[in-house]
Amino acid sequence: MATFKFILSKLDYQKKKKSPESLLMLRYTHKKKTTHFSTHKNIDEKYWDERTQMVKRSYPGSDRFNIYIKGIRQKVEDIVNGMLIEGNDPTTDYVKSVYNADKNGTEKKKQYTFFEYAEKYLENGKNRLTASTIKSYRTALHKLEDYQDYSRNKLDWMSFDIDFYYDFMDFYTGIEGLTNNGFGKIIKNLKAILNSATEDGYNTFTGYQHKNFKTVREDVNNIYLSEKEISKLLKLDLSSDKTMERTRDLFVFGCYTGLRFSDFSQVKQEHIVGDILRIKTIKTSEWVNIPILPAVREIMDKYKDNPNNLPKSVSNQTMNRNLKVLGDLAKINDKILKIRNKGKERIEENLLKYEMICTHTARRSFATNMFKRGVPTRVIMNITGHRTEKAFNSYIKISQDENAELLKEYFSKSA
């Protein structure tokens, strides 16, 4: 009598790593002889229900997984039943040979290494990913290659388990001396590639789905400039240095529009409709409507002879360098304790505030200053394009003292 049963089988590398996962195999037994058919799927034993011969519902993607393995069993059963109907003996060897012949007769799917697939992923994503996002993926892949050279361990699909995660974290934060947030970005990009490869059928190893194989993100004490500090920048006489003047004016434009550098450096005349700046943001591809506030109008009037009523853009790198010089000239020199984490090590650095000014400070300044003015959160989010309050709140950089003052003002107005 022919019997079918799925079993879990440990591969050598899984035994060596003491992995909780096993390869799922379909066992076919006939006349006391047995053969196995690989599902090419690995599963943690805790997710396998031996009684029902199915993956438990607690496993992510259990429905797709169960449909997939059911198809394999059905295929083998169809071969056996077809032979019985024709009066032939469905020996294990013959059923296996028919199954493999049928499998080899179909067009074989091209196989990719991890890095080959990553290139394919980025190539296919050119129309949906921004240039900055692709650059972020490239940075992640370069760091993974650096780790590969350091560990002398070739990275491929089976490499990305929880042991890799902790070892790569030690390399990135310990050996390279980089921050936890940078590590988190790489893990986020890595998981996006692995999830895509798994859905496309190129990756069957799910070690990266371990609950602790996760993106980490820590709140960093980034700064914002108060409206008083922005006013200090505006009062600087920069007539003798046009590049510095353009840098300052572009930055202030960002402080009163909430746009990212990639957006405010590419504003065109057609984006300006009366007193509204209407632009499709590069990062999120969403349209935002921004009122042209007095400070923005003054800048646009100043550069009215330019095609977009704005100063000619400078590069992000140049602007970041110039902003620190401008902050120093404007005496924006409060002392700031910058705290970062590298692995488990806490890094404290005493800086002057102007040393921390960058292009993105403009966006944080807009969100924080509008919040301090009492503009409703939802109104500000519609301009900044934040989809969740959690993401938006990371931009609000008021101190505890400022928070107390805001609460006092609120109660004095409502009294």
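Just so it is clear, the structure is predicted and the values come from calculations on it, not from any experiment. Along the sequence shown, the residues carry numbers beginning at 1.
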Is [X] reaching over with its side chain to a backbone N or O of [Y], donor-acceptor style, under 3.5 angstrom?
X: D167; Y: D163; result: no
X: T318; Y: V314; result: no
X: T359; Y: N320; result: no
X: R246; Y: P311; result: no
X: K191; Y: F213; result: yes
X: D241; Y: M244; result: yes

For [Y], does the six-membered ring have the charged nitrogen or CZ of [X] within the cation-pi criterion, i.e. under 6.0 angstrom from the centroid and within 45° of the normal?
X: K96; Y: F37; result: yes
X: K75; Y: Y99; result: yes
X: K143; Y: Y150; result: no
X: R128; Y: Y121; result: yes

Rounded to the nearest 0.5 Å, what's the gap from [atom1] on [X] to [atom2] on [Y]? Could you check?
X: N309; Y: I299; atom1: CG; atom2: CD1; result: 11.5 Å
X: T179; Y: K185; atom1: OG1; atom2: NZ; result: 7.5 Å
X: H271; Y: I276; atom1: NE2; atom2: CD1; result: 14.5 Å
X: I175; Y: D170; atom1: CD1; atom2: CG; result: 8.0 Å
X: S38; Y: I72; atom1: OG; atom2: CD1; result: 7.5 Å
X: K353; Y: L225; atom1: NZ; atom2: CG; result: 5.5 Å

Requested in this report: With sequence neighbours excluded, tell me which residues meet side chain to side chain donor-acceptor pair (under 3.5 Å) with E298.
Outcome: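 Applying side chain to side chain donor-acceptor pair (under 3.5 Å) to E298 gives none.
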Query raised in the report: What pairs with S136 under side chain to side chain donor-acceptor pair (under 3.5 Å), at least two apart in sequence or on another chain?
Result: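 S136: side chain to side chain donor-acceptor pair (under 3.5 Å) contacts with N189.
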Under 3.5 Å, is there a donor-acceptor pair linking the side chains of [X] and [Y]?
X: Y354; Y: E229; answer: no
X: Q266; Y: S313; answer: no
X: Y224; Y: K372; answer: yes
X: T198; Y: N203; answer: yes
X: D49; Y: Q53; answer: no

Query - Aromatic ring proximity, centroids under 6.0 angstrom, F183 and F168 - result: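 Aromatic pair counts; centres sit under 6.0 Å.
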Query - Partner of F171 by ring pair (Phe, Tyr, Trp, His ring centres under 6.0 Å), out of F164, Y165, Y147 - result: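 It is Y147, the one option of F164, Y165, Y147 that forms the ring pair (Phe, Tyr, Trp, His ring centres under 6.0 Å) with F171.
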Query raised in the report: So D275 and R297, salt bridge (Lys or Arg N to Asp or Glu O under 4.0 Å) or not? Walk me through it.
Result: CA-CA 9 Å; D275 290 331; R297 178 59 67 188; 3.2 Å; yes
Report task. Give the intermediate values and the outcome of side-chain contact (heavy atoms from CB on, under 4.5 Å) for residues Y202 and L194. Result -> CA-CA 9 Å; Y202 295 107; L194 292 174; over 6 Å; no
Which atom pairs, one a donor and one an acceptor, fall under 3.5 Å between side chains of residues 56-64 and the rest of the protein, sequence neighbours left out?
from	atom 1	to	atom 2	distance (Å)
K56	NZ	K46	O	3.1
R57	NH1	D63	OD1	3.3

Query - Set of residues satisfying ring-ring contact (aromatic ring centres under 6.0 Å, His included) with respect to W157, sequence neighbours excluded - result: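 Counting only residues at least two positions away or on another chain, W157 forms a ring-ring contact (aromatic ring centres under 6.0 Å, His included) with F114, Y117.
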Query - Test ring-ring contact (aromatic ring centres under 6.0 Å, His included) applied to Y166 - qualifying residues, sequence neighbours left out - result: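 For Y166, no residue satisfies ring-ring contact (aromatic ring centres under 6.0 Å, His included) once neighbours in sequence are set aside.
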Query - Contact list for residues 321-332, test side chain to side chain donor-acceptor pair (under 3.5 Å), sequence neighbours left out - result: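 The answer is T247-N322.
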Query raised in the report: In terms of heavy-atom contacts, does NZ of K188 have more than 12 from other residues, nucleotides or ligands at under 6.0 Å?
Result: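 Atom NZ in K188 is not crowded, with 12 or fewer foreign heavy atoms closer than 6.0 Å.
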Report task. Please check if atom CD in E270 has more than 12 non-hydrogen atoms from other residues, nucleotides or ligands closer than 6.0 Å. Result ->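 Correct, the count exceeds 12.
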Report task. Would you sort out whether E227 and K232 count as a salt bridge (Lys or Arg N to Asp or Glu O under 4.0 Å), showing the intermediate values? Result -> CA-CA 9 Å; E227 292 193 77; K232 284 184 177 182; over 6 Å; no
Requested in this report: Begin from the C-alpha positions of E245 and K302 and carry the test salt bridge (Lys or Arg N to Asp or Glu O under 4.0 Å) through to its verdict.
Outcome: CA-CA 11 Å; E245 187 174 29; K302 179 178 176 180; 2.8 Å; yes
